[in-house]
Amino acid sequence: MNKRNYGFETKLISQDRYIDSKTGAVNPPVYYSSTFHQGQFDSFGPFDYTRSGNPTRKVLEETIAELEGGVQGFAFASGMAAISSAFMLLSSGDHVIISEDVYGGTFRMVTKVLTKFQIQHTFVDMTDLDAVAGAFRPNTKVVYVETPSNPLLHITDIRGVVKLAKAHNCLVYIDNTFMTPLHQRPLELGADIVLHSATKFLAGHSDVVAGLAVVKDEKLADQLYYIQNSFGAVLGIPDCWALLRGMKTLSVRMKQSSESAQVIAEFLQNHPLVEEVFYPGLATHAGHEIHLGQATSAGAVLSFRLPNKVIAKTFVENLEIPVFAVSLGAVESILSYPATMSHAAMGQKEREKRGITDGLLRLSVGLENCEDLVADLAQALEIAERAVGAGTVAARTVGRFI
Ligand SMILES: *Cc1c(COP(=O)(O)O)cnc(C)c1O
C-alpha cells in the first residue's frame, strides 16, 4: 500500500497494524501466554516472557507511539503505574518541579513515596513561567506538567516550559490525559515523555484501568523499557485488547463530548447560582489563548463552583443523568466532587490553597443528548435555587477560599 500521510482518524483505524498476518482477523489476537517457546537452542524469537513483551501489548504500544508521534510506547497497569515508572528514571538527590494542582494520586506519589527515596519536589503555579523559572535548582531533573490541570483546568504554556527546562538540561513530562493525542501532542511541542491515564478518554467506556507512556528519543526509550521490565507494572493482555478497541472510536467520542462541553460551559457561565466556570473553551478563561495555541479543542471536562457544600449536595442529589463518581473521559457523563473524590489524598489546607473548595464540582461530558444534559443541569440548579430561596440552604458562600 502506498503510505500517505494519513489523518489522525485514519491512523486510529489503521488496519495494517491490527490485521493478524496468519489468519486475516481484523482485530489483534489476545495472546494469553506468559511464556514463548523458543524453536532453536541458540537463537531466540522476538518474545520470551510477557512481562518483557507480548504481541498484543506490542500492538497497543505501537499504536500510542504513532498517535503521539514518539519513538516508543509503553503500556502499564494504570495511569499511576505509568507516572510512577517514569519517576523511577530519577535518582536519589534529584529534584522535580511539578504543577501545583496536579492529579491527587500524582501528588501522593511525589509527596509521600518519592520523598522516601530523597527525591525532592517543588510545587509551582505552572501558568506563571516566572515562577517556573525561579524554581530550578542545580539538581532539578524533571519538570512535570498537567495541562489542562485537574480539576481547575489551568493551562500551562508547554513551549514556554520546554524552553526553560531545556536551558537547565531537564526533561519535561506531560500528563496528556485530558486532551489525548487527538487534541494535543506534547512531544511535537518539545516534551520528552507523554503520560496517560488510559483509563479515561483513550479507553473511553469506564471498563479498563490502564496507563500509557510515550517517549521522544531512543535513549530515553531504552531507559523506560528497563524500568518497565524491572518494576513490572505492565498492563494485562485482555486489557490491552479492550483499550485498543476503545481507542478506535476516540476521535468521534472526543469531538462529540467536547462540542457538548462547550455548550454546557456556556450555559453554566450564564446561570446565577454558578459562581465560576473553569473551561479553556471559554474566552473568559485565563489560559484560553495559550490553550488554543497548543491544542485543537478545549476537551470534554469542565469544573464549576457553586456557593457552598450544601448547595452542591442539593444540586447533585437532584441530577438525573450523570453518574456521581470518580473518573472521567467515558461515554457516560461523570460528575465528581473533587474535595472528597479525586483530591481526597490532598489535605484540606492544601486543597483550599489550590482553589479546590467545597462547592467545586467537575463534569466530564459524555455522549448523551446535549439538550438532555443541559435540561438536567437546569432543573437541578433550579431546585437548589429554590432551596436557597426557602432558607433551607444558606445562600452565602461558606468557607469559600480563593
Ligand atoms: C486518573 C488520572 C490519573 C491516574 O490514572 P489511573 O489510571 O487512575 O491510575 C493521572 N492523571 C490524570 C490527569 C488522571 O485523570
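Counting convention: from 1, in listed order, for ligands and their atoms alike.
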Should T199 be counted as touching ligand 1, given the test is an N or O pair under 3.5 Å? yes
Does a side-chain N-to-carboxylate-O contact under 4.0 Å join D192 and K166? yes
Strictly below 4.0 Å, N to O, side chains only: are R386 and E382 in salt-bridge contact? yes
So for A210 against ligand 1, with non-hydrogen atoms under 4.0 Å, the contacting part is backbone
For R362, check salt bridge (charged side-chain N to carboxylate O under 4.0 Å, His left out) against everything at least two apart and list the hits. none
Given side chains that start at C-beta, do those of N176 and E68 come closer than 4.5 Å, heavy atoms only? yes
Shortest protein heavy-atom distance from atom 9 (O) of ligand 1, along with the residue and atom involved: M80 N, 2.8 Å
Would you say ligand 1 has an N or O under 3.5 Å from any N or O of L328? no
At less than 4.0 angstrom from any non-hydrogen atom of S78, what atoms of ligand 1 do you find? 7 (O), 9 (O)
Considering heavy atoms of the protein only, find what lies nearest to atom 1 (C) of ligand 1 and give residue, atom and distance to 0.1 Å. K200 NZ, 1.4 Å
One finds that the ligand 1 atoms under 4.0 Å from a non-hydrogen atom of D175 are 10 (C), 11 (N), 12 (C), 13 (C)
S99 and E146: side chain donor to acceptor below 3.5 Å: no
For atom 6 (P) of ligand 1, find the nearest protein heavy atom and state the residue, atom name and distance (0.1 Å precision). G79 N, 3.3 Å
E146 heavy atoms, cut-off 4.0 Å: which ligand 1 atoms fall inside? 13 (C)
So CG of L114 and NE2 of H95: to nearest 0.5 Å the spacing works out to 11.5 Å
Is ligand 1 under 4.0 Å from a heavy atom in the side chain of I83, in the backbone, in both, or in neither? side chain
Indicate the ring-plane relationship of F267 and H271, choosing parallel, tilted or perpendicular according to the 30° and 60° boundaries. perpendicular
Starting from atom 4 (C) of ligand 1, which protein heavy atom do you reach first, and at what distance in Å? Y103 CE2, 3.4 Å
Could you work out, with salt bridge (charged side-chain N to carboxylate O under 4.0 Å, His left out) as the rule, every residue matching K11, not counting sequence neighbours? none
